Amino acid sequence: MKRVEQEIARLIKEIDYDEVTALYSTLSGGKRLRAKLILKIAPDHKDAPLLAAIVELIHGASLLHDDVIDDAMTRRGVTSVNASSGSKVAVMLGDILYSKAFTELVAFDKDVAQTIAASVTALSKGEMMDVKMAENFNSDEALYLDMLYLKTATLIEAAAKASALLAAKDAHKHALYGRNLGLSFQIIDDILDITATEEVLGKPAMNDFIEGKCTLPYIYLYEKLNAEDKKYLVSLHTKETTKDETLWIKEKMKEYKTVEKSFELAQKLSNEAKTAMSEDSELVAILETMIKRTF
Ligand code: FPP
Ligand code: MG
């Protein structure tokens with residue numbers, strides 16, 4: 001991973017603007033899941049650290065824009081750039097990181113470059129769907145999973161597929177692995193929003209529903225509730241909920257085991273990825289660590 005951090009530092013330096021270097025240094029790197037995946041799949045390829053750096057810059061850019069869109073005050077436990085330096089700066093920093101990443105990406109083989117580039121269109125489409133869907137209470141599970149795939153899983157799928165292409169490994173199998181890893185990763189994230197504390201999350205807890213996001217535990221809860229309670233749940237959508245209202249949601253979720261049901265889907269997707277990649281114990285281990293971070 002040291003090589004990836006060095007590549008990221010080199011690309012940031014090449015942008016040749018002190019303002020950008022200073023701002024970038026205030027960001028927390030995060031889990032670097034996508035970069036780790038690329039290095040695991042193509043460990044011996046000389047361009048793997050660069051590809052990993054490119055994908056992390058794209059991911060970083062998307063989070064800068066997402067925090068503007070979501071009005072988020074914190075990211076990965078530190079003040080977000082939009083909160084510390086304003087939305088204009090956050091958008092422009094995102095643009096710079098994103099275009100620098102693409103400048104580097106075009107030097108790769110066409111199939112690798114196309115894989116990553118196409119996933120960014122999907123990512124942006126997914127973000128727009130997410131924002132549109134948050135305007136009303138959504139109880140459509142399939143639509144939610146489509147959006148989740150686009151918003152979160154595509155870049156992970158593309159990272160796995162592109163590195164498999166670099167290493168001349170089975171691109172289809174690795175893409176399936178990345179897709180399911182990404183989906184279950186996001187479902188776990190949605191669960192943690194409900195079950196974890198603010199300190200653990202690095203952002204306010206139970207915030208998804210306030211932002212309008214009807215994640216799987218909410219969709220499954222809606223399915224189970226009687227007509228009156230359905231109406232009550234919908235009335236809480238996008239509201240700054242009181243302690244009692246939050247407690248009501250949590251108790252109903254407990255009663256109908258909707259967090260457990262969401263976890264089962266994450267586990268099913270993760271098991272499919274494990275089966276596809278059973279011969280690669282390191283990739284299986286990544287899935288296991290990811291699933292375990294739940295409770
Ligand atoms: C986080 O979702 C957001 C994403 C994973 C994708 C955001 C994508 C874009 C803004 C479009 C692409 C833009 C560029 C510049 C490449 P979340 O809000 O559910 O998660 P969070 O809790 O981590 O904020
Ligand atoms: Mg967000």
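One-based numbering along the sequence shown. None of these values were measured; they are calculated from a predicted model. For ligands, and for the atoms within them, numbers begin at 1 and follow the listed sequence. Atom set for the values below is all heavy atoms of this structure, side chains included, hydrogens, waters and symmetry mates excluded.
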Classify the contact between Asp70 and ligand 1 as side chain, backbone, both or neither, using a heavy-atom distance cut-off of under 4.0 Å. side chain

I'd like the name of whichever of Arg75, Glu127, Lys213 reaches closest to atom 9 (C) of ligand 1 through any heavy atom. Glu127

Could you check whether Glu255 pairs with Lys252 (Lys NZ or Arg NE/NH1/NH2 to Asp/Glu carboxylate O, under 4.0 Å)? yes

Which heavy atom of the protein is the closest neighbour of atom 15 (C) of ligand 1, given with residue, atom name and distance? His65 ND1, 3.5 Å

Report the part of Val120 (side chain from C-beta onward, or backbone N, CA, C, O) that has a heavy atom under 4.0 Å from ligand 1; answer both or neither where that applies. side chain

State plainly whether the residues Lys239 and Glu245 are in salt-bridge range, i.e. N to O under 4.0 Å. yes

If you have a sec, work out which protein heavy atom is nearest atom 12 (C) of ligand 1 and how many Å separate them, to one decimal? Ser124 OG, 3.4 Å

Hey, is the Mg ion (ligand 2) within less than 2.8 Å of some N/O/S atom on Asp70? yes

Indicate yes or no: does Lys274 engage Glu288 in a salt bridge with an N to O separation below 4.0 Å. yes

Can you pull out the closest protein heavy atom to atom 20 (O) of ligand 1? Residue, atom name and distance to 0.1 Å, please. Asp66 OD2, 4.2 Å

Between Gln267 and Asn271, do the side chains contain a donor N or O and an acceptor N or O under 3.5 Å apart? no

Linking directly or through intermediates, with side-chain heavy atoms under 4.5 Å: list the remaining ILVMFWY members grouped with Val68, chain and number order. Val91

Tell me: protein heavy atom nearest atom 22 (O) of ligand 1, and distance? Lys203 NZ, 2.4 Å

For Tyr98, take its heavy atoms, then give the atoms of ligand 1 lying under 4.0 Å from any of them. 16 (C)

For atom 19 (O) of ligand 1, what's the nearest protein heavy-atom neighbour? Residue, atom name and distance, please. Lys151 NZ, 2.5 Å

Identify whether NZ of Lys or CZ of Arg in Lys230 sits under 6.0 Å from the centre of the six-membered ring of Tyr222 and within 45° of that ring's axis. yes

Flag Asp66 as yes if one of its N/O/S atoms falls below 2.8 Å of the Mg ion (ligand 2), otherwise no. yes

Salt bridge between Glu127 and Lys151, side-chain N to carboxylate O under 4.0 Å? no

So which of Ile156, Val4, Ile38, Leu50 actually passes side chain to side chain contact (heavy atoms under 4.5 Å, CB included) with Val55? Ile38

How far is atom 10 (C) of ligand 1 from the closest protein heavy atom, and which atom is that? Ser62 O, 3.4 Å

